[in-house]
Amino acid sequence: QVSLVESGGGSVQAGGSLRLSCAASGYTYSRTCVGWFRQAPGKEREGVARLLSTSTGSTTFYANSVKGRFTISQDNAKNTLYLQMNLLKPEDTAVYYCAAAPLGPGYCTLTQLSRSFTNWGQGTQVTVLS
């Protein structure tokens, strides 16, 4: 059974940094579509970043709201997905979730990933103080 467990959240002052981790159990991140999502109180879940690794390399995509500040990466040896978050803003406050699905090139989008992944975990809370 696939299990993804998020960690690394916390409270930080605006302008600070956090690194989120997502450990996979029963699943291999290599050559699959992975991503991070977040949900703020009273708002719908939104896609933050996604990564697709293939035999020829990897591609990433970021939501405009986090572009230039967040970086998604994965360590295949540790089967762990990361989200490095820099220059955090109060509007980044949310519960962050990771997701994974066997979507290939052309299909690995945040929308498709959100629809394909159903085993959402509890997430990790990120609070950015102003």
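Atom-to-atom distance recorded for Cys108:SG and Leu103:CG is 6.0 Å, nearest 0.5 angstrom. The line from OG of Ser73 to CG of Leu81 is 7.0 Å long, rounded to the nearest 0.5 Å. How far CZ of Arg50 is from CG of Leu110: 7.0 Å, rounded to the nearest 0.5 Å. Taken from CG in Leu20 to OG1 in Thr80, the straight-line distance is 12.5 Å, to the nearest 0.5 Å.
Using a 3.5 Å distance cut-off with no hydrogens or angles, the side chains of Thr93 and Arg38 do not pair a donor with an acceptor. Between the side chains of Thr56 and Thr54, at least one donor N or O sits under 3.5 Å from an acceptor N or O.
In the hydrophobic cluster analysis, where Ile, Leu, Val, Met, Phe, Trp and Tyr join through side-chain heavy atoms closer than 4.5 angstrom, Tyr97 is grouped together with Phe61. Both Val128 and Tyr62 belong to a single network of hydrophobic side chains, linked directly or stepwise wherever heavy atoms of I, L, V, M, F, W or Y lie under 4.5 Å apart.
Counting only heavy atoms from C-beta outward, the side chains of Tyr107 and Leu113 never approach each other to under 4.5 Å. Put simply, the side chain of Val34 reaches to within 4.5 Å of the side chain of Gln74, judged on heavy atoms.
When all heavy atoms of Leu4 and Cys98 are compared, the pair lying nearest together is CB-SG, 3.7 Å. Between Ile72 and Trp36 the shortest heavy-atom distance is CD1-CD1, 3.7 Å. Residues Ser114 and Trp120 come closest through the heavy atom pair O-CZ2, 3.9 Å. Closest heavy-atom contact between Phe37 and Ala99: CE1-CB, 3.8 Å. Taking both residues in full, the closest heavy atoms of Thr60 and Leu51 are given as CG2-CD1, 3.9 Å, listed atom of the first, atom of the second, then distance. Taking each heavy atom of Val66 and Val48 in turn, the nearest pair found is CG2-O, 3.5 Å.
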What verdict does the side-chain contact (heavy atoms from CB on, under 4.5 Å) test give for Met85 and Val126, after you've listed the backbone C-alpha separation in whole Å, the side-chain angles of each residue and the deciding distance to 0.1 Å? CA-CA 10 Å; Met85 306 185 296; Val126 171; 3.8 Å; yes
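At distances below 3.5 Å, not a single donor-acceptor pair connects side-chain atoms of Asn76 with backbone N or O atoms of Asn79. A donor-acceptor pair is defined here as one N or O able to donate and one able to accept, closer than 3.5 Å; such a pair exists between the side chain of Ser116 and the backbone of Gln112. Judged purely by atom type and a 3.5 angstrom limit, Arg69 uses its side chain to pair as donor or acceptor with the backbone of Leu87.
Sorted by first and then second residue, the pairs that involve residues 4-21 and meet side chain to side chain donor-acceptor pair (under 3.5 Å), not counting sequence neighbours, are Ser17-Asn86.
Aromatic ring orientation, Phe70 versus Tyr96: tilted (interplanar angle from 30° to 60°).
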